[in-house]
There are 2 protein chains.
Amino acid sequence: MADINVSPAQRRTTSGTAAAGAEPTGRDPAYELIELMFFAYRDFVGDPDHVLERYQFGRAHHRVLHFVFRHPEIRVADLLDILKITKQSLARVLKELVEQGFILQKEGQVDRRQRLLAVTEKGRALALELAKLQTERFARAIAQSGTTRDQAVRFLYAMIDPEGREDVTRMITQADRALQRGKER
Amino acid sequence: MADINVSPAQRRTTSGTAAAGAEPTGRDPAYELIELMFFAYRDFVGDPDHVLERYQFGRAHHRVLHFVFRHPEIRVADLLDILKITKQSLARVLKELVEQGFILQKEGQVDRRQRLLAVTEKGRALALELAKLQTERFARAIAQSGTTRDQAVRFLYAMIDPEGREDVTRMITQADRALQRGKER
DNA sequence: ACATTTATGTCAGCCATGTTGACATATTCG
DNA sequence: CGAATATGTCAACATGGCTGACATAAATGT
């Protein structure tokens with residue numbers, strides 16, 4: 001309650017469309033938003049970064065751990081598809097996560113070529129710890145900015161390429177359901 | 001007007017505080033927001049990435065070019081301070097930007113140890129092109145999400161570490177003024 | 001005036017994480 | 001059975017961070 005910050009927006013009078021004598025070549029660049037996005041993301045990933053140092057892990061490990069946590073028994077190919085990296089890149093970090101006991105691989109039951117990935121209890125704990133850090137940042141940001149959670153969701157969603165939105169939506173709801181099933185069991 | 005998208009938020013009923021029989025260890029992780037932020041940022045930097053390929057530049061070049069564009073005659077030390085990288089890292093990309101005529105360095109008038117950095121006309125053009133791509137993404141996101149620009153600004157601002165906010169605010173307003181002076185001249 | 005500090009540059013090497021290309025293995029499928 | 005698929009692995013390379021050490025020129029303090 002104490003921390004309603006003075007935001008840069010309060011110093012602004014106009015926004016967007018140039019009223020001054022500029023060329024009519026589209027709209028004014030939104031430098032403020034661009035830079036805020038840059039710094040916001042930097043801090044957003046900064047929290048987990050610090051924790052991951054404990055295990056000599058980097059952001060790549062975080063991403064793998066997070067999405068494996070969110071998609072228990074995910075196939076390697078699907079994980080690659082989410083991360084949009086090559087299997088060689090994945091192999092390096094995945095190897096370390098497996099060796100240190102955060103993730104385990106098991107042979108697929110229906111298709112034995114598959115190496116299904118899932119987090120161990122240790123992996124779950126770390127993934128949760130990192131997610132909570134980021135969740136708290138969002139909670140603070142939402143509260144302090146006077147936005148609603150849904151506004152933030154809609155805004156970030158709309159920042160994604162239109163072609164990719166459907167996939168992301170599907171992915172998220174699917175993960176939510178999978179995690180829900182895990183809890184019930 | 002045609003493109004009011006169906007956002008993931010519309011499928012949700014509750015949000016945040018767990019009503020189910022979970023442990024009262026803080027709030028539910030905001031996986032949706034976390035992942036949306038990840039994909040939003042990926043696409044946000046993706047646009048410039050494609051353009052930069054033309055010059056064999058990467059994101060590092062983009063960041064340098066952008067902040068030099070925004071802070072004409074910036075000192076090397078100040079640029080390092082904004083980017084939070086080492087001078088050795090900066091040197092590599094800066095060298096290429098100078099060699100290819102996007103940025104020029106001039107000796108400081110008052111303190112001749114300084115190498116003040118500024119974009120050339122070519123550099124300005126590229127920086128503007130990239131900024132416009134990102135601006136369009138924001139404009140779309142704001143329009144389609146039914147947020148206001150100020151809401152977005154306040155939200156992103158509040159995502160930044162509290163300790164860093166003042167600096168960011170100061171930096172942005174200062175850059176705005178510098179750019180304004182440049183226009184008037 | 002001279003010693004110190006400051007602003008910047010540079011060399012060398014390391015690390016993390018991405019890439020491509022080629023090839024191996026096991027399994028499934030038509 | 002042969003082709004396609006899922007995965008793993010080896011080797012080499014690119015990018016962009018990092019540390020440490022050292023060099024130079026200019027400013028600054030006593």
Side-chain angles (χ1 to χ4, degrees), chain A residues 38 41-42 45-46 48-50 52-68 71 73-100 103-118, chain B residues 38 41-42 45-46 48-50 52-68 71 73-100 103-118:
Chain A
F38 173 65
Y41 192 78
R42 178 198 267 178
V45 293
D49 280 357
H50 302 316
L52 290 158
E53 275 175 28
R54 293 203 303 249
Y55 310 94
Q56 307 217 286
F57 287 160
R59 285 182 202 176
H61 300 84
H62 183 196
R63 292 200 274 269
V64 171
L65 179 65
H66 176 91
F67 285 108
V68 170
H71 300 263
E73 314 243 309
I74 191 174
R75 293 186 313 136
V76 170
D78 290 338
L79 182 54
L80 292 177
D81 212 58
I82 291 174
L83 297 173
K84 296 227 177 79
I85 58 175
T86 57
K87 62 179 172 177
Q88 295 92 328
S89 286
L90 173 62
R92 247 181 328 221
V93 295
L94 184 55
K95 193 181 155 214
E96 291 164 346
L97 285 164
V98 170
E99 279 171 1
Q100 296 196 37
I103 288 181
L104 47 82
Q105 310 174 270
K106 48 181 149 181
E107 200 171 69
Q109 291 295 294
V110 296
D111 185 336
R112 284 166 45 222
R113 288 170 304 181
Q114 295 172 177
R115 294 297 124 83
L116 305 183
L117 308 174
Chain B
F38 172 66
Y41 192 78
R42 177 198 268 179
V45 294
D49 280 357
H50 302 316
L52 290 157
E53 275 175 28
R54 294 204 301 249
Y55 310 94
Q56 307 219 285
F57 287 160
R59 283 182 203 176
H61 299 84
H62 182 195
R63 292 200 274 268
V64 171
L65 179 66
H66 176 90
F67 285 108
V68 170
H71 301 263
E73 314 241 310
I74 191 174
R75 294 186 312 135
V76 170
D78 291 338
L79 183 55
L80 292 177
D81 213 58
I82 291 174
L83 298 173
K84 296 227 176 81
I85 58 174
T86 59
K87 61 179 172 176
Q88 295 93 326
S89 288
L90 173 63
R92 249 182 323 222
V93 295
L94 184 55
K95 194 180 155 214
E96 291 165 346
L97 285 163
V98 170
E99 279 171 0
Q100 296 195 38
I103 288 182
L104 47 84
Q105 310 173 270
K106 46 181 150 182
E107 201 171 68
Q109 292 292 294
V110 297
D111 185 336
R112 286 168 42 225
R113 286 171 305 182
Q114 296 172 176
R115 293 296 126 83
L116 307 183
L117 308 174

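Just so we're on the same page: letters track the sequence lines, and every chain starts at 1. This structure is a prediction, so every number in the text was calculated from the model and none was measured. Atoms considered below: every heavy atom in the structure, side chains included; atoms not considered: hydrogens, waters and symmetry mates.
Within the 4.0 angstrom heavy-atom criterion, no nucleotide atom of any strand lies near Lys95(A). No contact: Val64(B) has no heavy atom under 4.0 Å from any strand. The residue Arg75(A) sits close only to the backbone: its heavy atoms come under 4.0 Å of sugar-phosphate atoms, none of a base. Base engagement by Arg92(A) is indicated by at least one non-hydrogen atom pair under 4.0 Å involving a base atom. No engagement by Gln56(A) is indicated, since no non-hydrogen atom pair under 4.0 Å with the nucleic acid exists.
Side-chain proximity of Gln88(B) to the nucleotides dA21(D), dT17(C), dT7(D) is greatest for dA21(D). In this structure, of dT27(C), dG8(D), dT8(C), it is dT8(C) that holds the atom nearest to the side chain of Lys87(B). The side chain of Arg112(B) lies closest to dA26(D), out of dA7(C), dG9(C), dA26(D). Each of dT17(C), dT28(C), dG9(C) was ranked by its minimum atom distance to the side chain of Arg63(A); first place goes to dT17(C). Each of dT28(C), dA25(D), dT8(C) was ranked by its minimum atom distance to the side chain of Ala77(B); first place goes to dT8(C).
Using a 30° and 60° split on the angle between ring planes, Phe38(A) and Phe67(B) fall in the tilted class, from 30° to 60°. Ring geometry for His61(B) versus Phe57(B): interplanar angle under 30°, hence parallel rather than tilted (30 to 60°).
A straight line from CG of Asp81(A) to C1' of dT7(D) spans 15 Å, rounded to a whole angstrom. Atom CG of Leu94(A) is separated from atom P of dT17(C) by 13 Å (rounded to the nearest Å). The nearest whole Å value for the distance from the CG atom in Leu90(B) to the P atom in dT10(C) is 11 Å. For Gln105(A) and dT9(D), the CD to P distance is 9 Å, given to the nearest whole Å. Between the P atom of dA27(D) and the CZ atom of Arg115(B) lies a distance of 11 Å, rounded to the nearest Å. Across the protein-nucleic acid pair, Leu65(A) atom CG and dT17(C) atom P stand 13 Å apart, rounded to whole Å. Taking atom CG of residue Leu80(A) and atom P of nucleotide dT5(D), one finds them 16 Å apart after rounding to whole Å. One can place CZ of Arg42(B) at 16 Å from P of dT17(C), the figure rounded to the nearest angstrom.
Here the closest non-hydrogen pair linking Gln114(B) and Leu116(B) is NE2-CD2, 3.5 Å. Shortest non-hydrogen contact noted between Glu73(B) and Ala118(B) is N-CB, 4.0 Å.
For dC18(D), the OP1/OP2 oxygens have a side-chain nitrogen or oxygen of Thr86(B) closer than 4.0 Å. Dashed line: the shortest gap from a side-chain N or O of His61(B) to OP1 or OP2 of dT15(D) is not under 4.0 Å.
A 6.0 Å sphere centred on CD of Gln109(B) holds no more than 12 heavy atoms belonging to other residues, nucleotides or ligands. No more than 12 heavy atoms of other residues, nucleotides or ligands shown are found within 6.0 angstrom of CD on Gln56(A).
Taking the nucleotide of DNA chain C with the nearest heavy atom to each of Lys84(A) and Gln109(A), the more 5' of the two is matched to Lys84(A). Each of Glu96(A) and Glu107(A) has a nearest nucleotide on DNA chain C; the 5'-most of these lies closest to Glu96(A).
Between the side chain of Arg113(A) and the base of dT28(C) there is no donor-acceptor pair of N/O atoms closer than 3.5 Å.
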